[in-house]
Engineer: 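Handing you a structure now.
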Amino acid sequence: MNKNVQWVIVGVLVALVGIGLYSAKDQLAAELFPVKIGNAALNFRANPMAQGAAPKTIADYKGDVVLLNIWATWCGPCRIEMPSMQRLEEQLGPKGLHIVAVSVDVAGFEDAIKTFTEEMKLSFEILHNPEGDIQRVYQTTGVPETFIIGRDGRLRRRVIGADNWDSPANIAYLERLLAEPRPQ
């Protein structure tokens, strides 16, 4: 076999490996990077604070516009943004916005979560995920982190860090999502 033939074979092999890697990237992208705007909201399991209530999953909010907030009682920025979430609840909750705040405090912090909720006078849904696996599922960078989910069950926005949830821009955005028809 001469050198030219060897180089052709090497070139073909490199091209095949390149095509294979490119195809694998496309096939595995949803698994490697599942938290992407436009993708379906990912499932989670979290416990309501009410004693004996059944755990909640993403399926419980099918067809709703959801503000999914991942937080903890020890988080300073969480404490800062919660009042604006409560005001947002008062303004858009009656129009159908579902605010779901999932605490990732470890097991045994249930009383601290209840105290936090009472001190902040929060009326939106508070859940507890003591394993913290919602952070892995949603690939959070820390707390707070918030995901807006449209009626179609798709991720529409991701906000890392605290936000002013009752700002005119956020209200206008959420009202547009609330105006979308419920899926059949």
Engineer: Is any side-chain heavy atom of E81 closer than 4.5 Å to one of N69?
Structural biologist: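 Yes; the side chains approach each other to less than 4.5 Å.
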
Engineer: Decide yes or no on side-chain contact (heavy atoms from CB on, under 4.5 Å) for L97 and L178, but give the supporting numbers first.
Structural biologist: CA-CA 7 Å; L97 178 66; L178 288 166; 4.2 Å; yes

Engineer: Is M85 close to N164 at the side-chain level, that is, under 4.5 Å between some pair of heavy atoms?
Structural biologist: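 SC-SC contact between N164 and M85 ruled out.
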
Engineer: Going through the distances and angles, do N129 and D133 end up as a side chain to side chain donor-acceptor pair (under 3.5 Å)?
Structural biologist: CA-CA 7 Å; N129 179 245; D133 56 356; 2.7 Å; yes

Engineer: Is V35 close to F147 at the side-chain level, that is, under 4.5 Å between some pair of heavy atoms?
Structural biologist: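 Side chain of F147 against side chain of V35, heavy atoms only: contact under 4.5 Å found.
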
Engineer: Does F116 offer a backbone N or O that forms a donor-acceptor pair with the side chain of E118 under 3.5 Å?
Structural biologist: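 Looks like no, no N/O pair under 3.5 Å.
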
Engineer: Looking only at heavy atoms, which two atoms of S84 and W165 are closest? And how far apart?
Structural biologist: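 What the structure gives for the nearest pair is OG-N, 3.0 Å.
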
Engineer: Would you confirm whether N170, through its side chain, and S167, through its main-chain N or O, come within 3.5 Å as a donor-acceptor pair?
Structural biologist: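 Absent.
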
Engineer: Is there a side-chain contact between V104 and F109, using heavy atoms and a 4.5 Å cut-off?
Structural biologist: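 They are not in side-chain contact.
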
Engineer: With a 4.5 Å cut-off on side-chain heavy atoms, are I58 and F44 touching?
Structural biologist: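 Yes. Closest side-chain heavy atoms under 4.5 Å.
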
Engineer: To check you understand the geometry: which heavy-atom pair defines the closest contact between S103 and A72, and what is its length?
Structural biologist: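 Taking every non-hydrogen atom into account, OG-CA, 4.4 Å.
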
Engineer: Show the nearest heavy-atom pair for residues L88 and D166, with the distance to one decimal.
Structural biologist: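 What the structure gives for the nearest pair is N-CB, 4.2 Å.
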
Engineer: Is any side-chain heavy atom of L174 closer than 4.5 Å to a side-chain heavy atom of I148?
Structural biologist: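 SC-SC contact between L174 and I148 confirmed.
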
Engineer: Do P77 and V143 touch side chain to side chain, with heavy atoms closer than 4.5 Å?
Structural biologist: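 No; the side chains remain at least 4.5 Å from each other.
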
Engineer: Let me check something: do I171 and F124 share a hydrophobic cluster, defined by ILVMFWY side-chain heavy atoms less than 4.5 Å apart, either directly or through other members?
Structural biologist: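 Same hydrophobic cluster.
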
Engineer: Could you tell me the separation between the CD atom of Q139 and the CG atom of L42, rounded to the nearest 0.5 Å?
Structural biologist: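 Here the rounded value is 8.0 Å.
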
Engineer: Please determine whether a side-chain nitrogen of the Lys or Arg among R45 and E131 lies less than 4.0 Å from a carboxylate oxygen of the Asp or Glu.
Structural biologist: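 Salt bridge: no.
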
Engineer: Which atom names give the shortest non-hydrogen contact between R151 and E180, and what distance separates them?
Structural biologist: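 Scanning both residues completely, I find the closest heavy atoms to be NE-O, 2.9 Å.
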
Engineer: How many angstroms lie between CD1 in I37 and CZ in R157, if you round to the nearest 0.5 Å?
Structural biologist: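 Interatomic distance, I37 CD1 to R157 CZ, rounded to 0.5 Å: 9.0 Å.
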
Engineer: Is there a side-chain contact between I70 and Q135 in this structure, where contact means two heavy atoms from C-beta onward sitting under 4.5 Å apart?
Structural biologist: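 When only atoms from C-beta onward are counted, Q135 and I70 do touch, with a gap below 4.5 Å.
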
Engineer: Would you please test E145 and T141 for side chain to side chain donor-acceptor pair (under 3.5 Å) and show each step?
Structural biologist: CA-CA 8 Å; E145 197 153 329; T141 59; 3.0 Å; yes

Engineer: Give the C-alpha distance, both sets of side-chain angles, the deciding distance and a yes or no for side-chain contact (heavy atoms from CB on, under 4.5 Å) between W71 and I113.
Structural biologist: CA-CA 10 Å; W71 68 285; I113 296 167; 4.2 Å; yes

Engineer: Taking everything shown except N43 itself, do over 12 heavy atoms lie less than 6.0 Å from its CG?
Structural biologist: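 For N43, atom CG is crowded (more than 12 foreign heavy atoms under 6.0 Å).
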
Engineer: Which one of R87, Q86, R79 satisfies the side chain to side chain contact (heavy atoms under 4.5 Å, CB included) criterion with P83?
Structural biologist: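 The side chain to side chain contact (heavy atoms under 4.5 Å, CB included) with P83 is passed solely by R87 among R87, Q86, R79.
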
Engineer: Could you measure the distance from the CG atom of D60 to the CG atom of L127? Nearest 0.5 Å is fine.
Structural biologist: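 Going from CG on D60 over to CG on L127, the span is 9.0 Å.
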
Engineer: Between atom CE of M120 and atom OG1 of T115, what is the distance when rounded to the nearest 0.5 Å?
Structural biologist: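 The CE atom of M120 sits 13.0 Å away from the OG1 atom of T115.
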
Engineer: Give me the atom names and distance for the closest heavy-atom approach of V102 to A46.
Structural biologist: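 Nearest pair, atom of V102 first, then A46: CG1-CB, 3.9 Å.
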
Engineer: Measuring from K62:NZ to D64:CG, what's the distance to the nearest 0.5 Å?
Structural biologist: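 Output value for this atom pair is 11.5 Å.
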
Engineer: Apply the test side-chain contact (heavy atoms from CB on, under 4.5 Å) to residues Y61 and L68: give CA-CA distance (whole Å), side-chain angles for both, the deciding distance (0.1 Å), then the verdict.
Structural biologist: CA-CA 10 Å; Y61 308 102; L68 176 64; over 6 Å; no

Engineer: With hydrophobic residues grouped by side-chain heavy-atom distances under 4.5 Å, do L155 and L177 end up in a single group?
Structural biologist: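 As far as the 4.5 Å side-chain criterion goes, L177 and L155 are not connected within one cluster.
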
Engineer: Calculate, to the nearest 0.5 Å, the distance between atoms CD and CD belonging to Q51 and E110 respectively.
Structural biologist: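 That separation rounds to 9.0 Å.
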
Engineer: Hydrophobic clustering (ILVMFWY, side-chain heavy atoms < 4.5 Å, transitive) - are I99 and M49 grouped together?
Structural biologist: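 Same cluster.
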
Engineer: Under the 3.5 angstrom rule, does the side chain of R156 hit a backbone N or O of I149 as a donor-acceptor pair?
Structural biologist: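 Absent.
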
Engineer: If you take all heavy atoms of M82 and A101, which pair is closest and at what distance?
Structural biologist: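 Shortest heavy-atom contact: CE-CB, 4.4 Å.
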
